[in-house]
Amino acid sequence: MRTIDWTAPFSIAIALLLASLVLLPMFWLALTSLRDDSGRFTLEHYRQLVVDPAFVRPLANTLWTSSAVGALCVLAAAPMSWLVSRTDLPGKRLLRVLILASFVTPPFLGAFAWVLLGGPNAGLINQWYYGLLGLKPFEAAPLLNIFSAWGMVFVIFLYTFPYVFTFVANSLDLIPGQLEEASALLGASPFRTAFHITLPLALPALLAGFLVAFLQSMTLFGPPAILAMPAGIDVITTKIWSLFQFPPRLGLAAAASLPLLPITIALLRVQTLILGRRGYAVIGGKSGGRQLIRLGAWKIPALALFALVLGCSIVLPYGALLRTSFVKNWSRPLAGNLTLEHWRFVFLEFSQTQLALQNTFVLGIAAATAGTILVTAVGYLSLRKIVWGHRSLAFLATAPVAIPGIVLAVGLFLSYTRPPVVLYGTLWIIFLAYLTKELPVGYQQVSASLKAVHPELEDASRIFGATRLRTLLDITTPLIRNGVIATWIFIFIGSIRELSATILLFTARTKTISVTMFDLRESNDWGPIAVLSISMLLITFTMIAAIYRFTDRRPT
Amino acid sequence: MRSTPLSVVCALAWAFAITVPVGAQETTPEMVAAAVKEGRVTWYSSVDVKVAEAVAKAFRAAYPKIQIDVERAGSERVFQRINQEYQSGIKNVDVVNSSDASHFLFWKKQKWLAQHTPPDVKRFAAKYKDPEGHYATWRATLNVIGYNTNLVSAKEAPTGYLDLLDPKWKGKLVKSHPGYSGTSLTGTYALIKALGWEYFEKLSKQGVQQLQSTTAPPKSIASGERAVMVDGNEYNMFMEIDAKSPVRIVYPKEGTPFVTSPGAIFAGAKHPNAARVLQNFLFTSKIQQLLVNEGGLRSVHPDVNYPPGRTALAEIKTLPDDPEGMLAQIDDIKKRYTTLFGN
């Protein structure tokens, strides 16, 4: 009996789906940016973008703050990754876990927490500082003012440096030890070796890390909205958001969004050039038996560096959120201030909690499931070079890396608020945003697992007469099961924390936890925000524990 | 594409309007039964989230079979969301409450509001309701100055708006945003009329921390983040005082903006009966008294009593709101304000 091989129609369907996900929003974005209200061609939006200081200033702010974030990340992550990779620093495992925790903490949660810590007068850190020195708020300058451009840079840095750390740590693991050993044998001190041998070798990874941090910072919406806007500072993402307020100025919003695309693409090109053809996801290949440098008394400053960075990214913010969720007035001392009121309010009274939780989970599960299926199919078709044009499939699946969330949201809004397909106001439009946004992450995960499966097994199955689909289901899928589960969880975690695209696409019935928190922020309801933040972190960490359970990975 | 359908729509709306009886529509058992059948009602409001949920809780207790969803955001945000949704053909909103009374003029002009007069509103003073029955004042508040008593002594406390221009307040002030909050917008418009834009130009040089909602500055000074609030809801100040926060209200000597906050039903509501049941419920003396007692609000319901310790409205020099005058200037005010103070 002969069954039909569905490979060709299936591949075409996948290609069309990917193209409509990625290209349609970009098409409308470009078109809208070039049309005036009556639909005629115009360059007016771009002219305004270039000459109006109301746009030039946010763009300049974005560029300099993102550069500052990149530089800070490199400055902190370079010594940190060297210490973890090359020295006998104690507690490495715990440190790596905490760095992973910074990595998965949504930056807007960090920004909320840092308002509580670093508000110039009532912020807990400033209160300690005033108390310690016997000063009074308003009379003396605060230790730190989080409502500033530098405050925003600092908070973004705290949740972005793990990217750079991972880059550099991976690259250090791959650098052969012989060169460093030679330097040591010739009598150079460990630090001289580090600066003259290791650093130049790790330079490409550092530069690539800088670019990734820059990109991450450029596309964030939460921290600038929470920390910079109250100080009257706009960046390009908050500007796009304000253009979206009613009556929306869509042409301008589209024109303001588009420049981010070439910037991102250029930076990613540079990064690929720097890293060569060696992707950063290279796992294994460690040169074993490396002699670790003894730190001796240097352990103390080394650990102090970790304590400072991780204290600021994890310990203090989590502590502040936890404290705030259990007190009546967040800036007063604990005594006589304790309450369970915020937890009761959020889970028993606040009518948006249930709806938002439900929406968040539905979206997370749907995006993760659809995304995993899609990237697995794309990964299979492109890595096994099964169909003509498999390269463009892989390209389309990774292209959204270059599309910042808020830009994608503008594109989706333009595509799906008009017939034939009106999705605005439904969960579908947010689902499409999440799916598209998470494609690259998912694709990278799945392709790593697929590369580990030898095609011979599949070929054997085909030789015995199984169709492509049958082979995929019976042979390949079980072999990559763990990788697929990890992909699902990655997309799920990425989706439930999404803010920058959701903020433009939600309506009253389609709110998520993240936008609910953003709404609460506008009325300074810190207690409920803290409760929701902790809940979101608990969900995230449960899912991460699940990744390790299923894939038996150790934190790397 | 613009002229013909609009005139048709207007004619239809007019024809529709004259067939609907204007006047009280009591909550009858039939209306409740129909509302239960609809199952839910969506209420957009700009009132403080705790007050909104307290009202929703009371509604759930009274009508356990009708699910109420509260969508709370600042008045200007509520306005943006509704308009954005209506423009895209999404009819989420059943009942609305906003502190920017001019919104109701706009929506009424768009023919988006249903005519419905809750029984209690019949007894409201004429200035607190639309003569054609599209909306009525659901709540009111004053947009006041306030300060933290730990940081500012009663002696040095400001007595009015012009005092806030004193250099000693530099870096100590906090303010809400008229681009977000209807109360703030109403207050800003009243102050522009009383003191002119020069006042805001000078104020913008005082290092004012810019928040969004008028519910936020009272929480900010209660936490001690700032010492003095330039504007903020009187009702949030009462709530803070009831919670023993170290704050005090100042009714500025130039006059305090009085902000009425109407409520209405949307004609296109998906749950028209549940909307009427909710709207009638919102205007009952029981809920109006709840707004006053727990929410610190002012009510225009004739049966409401104020707890001791609240300054009577008659003793406060107020600056009345003027929605019609404000309507034409909203965009200009927001734009000029944003240039001075940022987003």
Side-chain angles (χ1 to χ4, degrees), chain A residues 54 115-116 119-123 126-127 136-138 141 147 225 228-234 238-239 241-242 244-248 328-332 336 341 345 348-352 354-355 413 416-418 422 424-426 506-511 519-526 528, chain B residues 42 44 48-50 52-54 56-57 60 67-74 76-77 79-85 87-90 92-93 151 171-172 177 179-181 209-220 222-227 236 240 243-245 331 338-339 341-343:
Chain A
V115 170
L116 306 170
N121 306 302
N126 285 318
Q127 280 196 41
K136 277 190 142 172
F138 297 107
F147 295 110
M229 259 171 35
I233 301 163
D234 255 319
T238 55
K239 193 73 204 172
W241 171 76
S242 64
F244 241 74
Q245 302 306 308
F246 192 86
K328 291 186 203 121
N329 183 331
W330 64 266
S331 69
R332 314 286 291 284
E341 169 61 24
F345 176 75
L348 299 178
E349 208 154 275
F350 190 32
S351 55
Q352 292 189 350
Q354 246 189 9
L355 186 67
F413 181 89
Y416 297 112
T417 41
R418 64 188 88 220
V422 180
Y424 181 67
T426 68
F506 79 96
T507 52
R509 305 277 319 147
T510 56
K511 274 187 153 173
D519 263 1
L520 286 169
R521 194 255 351 177
E522 292 182 311
S523 46
N524 270 26
D525 287 303
W526 295 107
Chain B
T42 305
Y44 284 34
D48 183 90
V49 64
K50 295 271 167 72
E53 296 295 351
K57 194 175 162 188
R60 258 175 238 130
Q67 156 109 33
I68 175 168
D69 297 318
V70 183
E71 164 74 1
R72 196 224 87 92
E76 304 307 308
R77 197 80 89 224
F79 182 68
Q80 290 160 3
R81 284 183 190 165
I82 289 177
N83 292 5
Q84 183 108 302
E85 288 173 3
Q87 214 170 49
S88 313
I90 300 164
N92 271 335
V93 56
L151 299 167
K172 298 186 182 180
H177 202 298
Y180 175 87
S181 156
Q209 185 183 30
Q210 184 62 64
L211 301 180
Q212 299 293 318
S213 173
T214 28
T215 67
K219 296 168 196 171
S220 171
S223 75
E225 182 50 56
R226 291 281 152 150
N236 286 99
E240 290 295 344
K244 307 264 182 292
S245 293
D331 288 335
T338 305
T339 328
F341 291 89
N343 267 313

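These values consider heavy atoms only, across backbone and side chains, with no hydrogens, waters or symmetry-generated copies. Here is how names work: the chains are called A, B, and so on, in the same order as the sequence lines, proteins then strands, and each is numbered from 1.
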Restricting to side chain to side chain donor-acceptor pair (under 3.5 Å), what partner residues turn up for K136(A), sequence neighbours left out? none
Under the rule for side chain to side chain donor-acceptor pair (under 3.5 Å), what residues qualify as partners of D234(A), not counting sequence neighbours? T238(A), N343(B)
Is there side-chain contact between F350(A) and V70(B), with heavy atoms separated by less than 4.5 Å? no
Residues Y424(A) and I90(B): closest non-hydrogen pair is O-CD1, 3.3 Å
With a 4.5 angstrom heavy-atom cut-off, is it the side chain or the backbone of K172(B) that approaches chain A, or both, or neither? both
State, to 0.1 Å, how close N92(B) and A508(A) come at their nearest heavy-atom pair, and which atoms those are. ND2-N, 3.9 Å
Worked verdict on F506(A) versus R81(B) for side-chain contact (heavy atoms from CB on, under 4.5 Å): CA-CA 10 Å; F506(A) 79 96; R81(B) 284 183 190 165; 3.2 Å; yes
When rounded to the nearest 0.5 Å, the distance separating CD of E71(B) from CD of Q352(A) is 5.0 Å
When R332(A), K239(A), Q354(A), K511(A) are compared by non-hydrogen pairs under 4.5 Å with chain B, the top option: K511(A)
Ranked by heavy-atom pairs below 4.5 Å to chain A, first place among E240(B), Q67(B), Q209(B) goes to Q209(B)
Supply the atom-to-atom distance S245(B) OG to K328(A) NZ, rounded to the nearest 0.5 angstrom. 10.0 Å
Any donor-acceptor pair under 3.5 Å from E349(A) side chain to E53(B) backbone: no
Pairing of D69(B) and R509(A) as salt bridge, 4.0 angstrom limit: yes
Side chain, backbone, both or neither: which part of T339(B) has a non-hydrogen atom closer than 4.5 Å to chain A? neither
Side chain, backbone, both or neither: which part of R226(B) has a non-hydrogen atom closer than 4.5 Å to chain A? both
Would you check if S88(B) and V422(A) make a side-chain contact, meaning some heavy-atom pair closer than 4.5 Å? no
Verdict with supporting geometry, Q84(B) and F413(A), side-chain contact (heavy atoms from CB on, under 4.5 Å): CA-CA 12 Å; Q84(B) 183 108 302; F413(A) 181 89; 4.2 Å; yes
With rounding to the nearest 0.5 Å, note down the distance linking CH2 in W526(A) to OG in S220(B). 10.5 Å
Does either side chain, that of E225(B) or that of S331(A), offer a donor lying less than 3.5 Å from an acceptor on the other one? no
Applying a strict 4.5 Å limit to non-hydrogen atoms, the region of A227(B) in contact with chain A is both
Looking at every non-hydrogen atom in both residues, tell me the closest pair between E85(B) and T507(A) and how far apart they are. OE2-CB, 3.3 Å
Less than 4.5 Å to any heavy atom of chain A: does that hold for the side chain of L151(B), its backbone, both, or neither? side chain
Shortest non-hydrogen contact between F138(A) and G171(B), atoms and distance: CE2-O, 3.8 Å
Could you tell me the separation between the OG atom of S523(A) and the NZ atom of K219(B), rounded to the nearest 0.5 Å? 4.5 Å
Measuring heavy-atom distances to chain A, does R77(B) have an atom under 4.5 Å in its side chain, in its backbone, in both, or in neither? side chain
Looking at side-chain heavy atoms only, is the closest gap between N524(A) and T215(B) below 4.5 Å? no
What heavy-atom pair brings G224(B) and N121(A) nearest, and what distance separates the two atoms? O-CB, 3.5 Å
Nearest atoms (heavy-atom pairs only) where Q212(B) meets E522(A): CB-O, 3.8 Å
For the interface with chain A, which of G89(B), G342(B), S213(B) has the highest count of heavy-atom pairs at distances below 4.5 Å? S213(B)
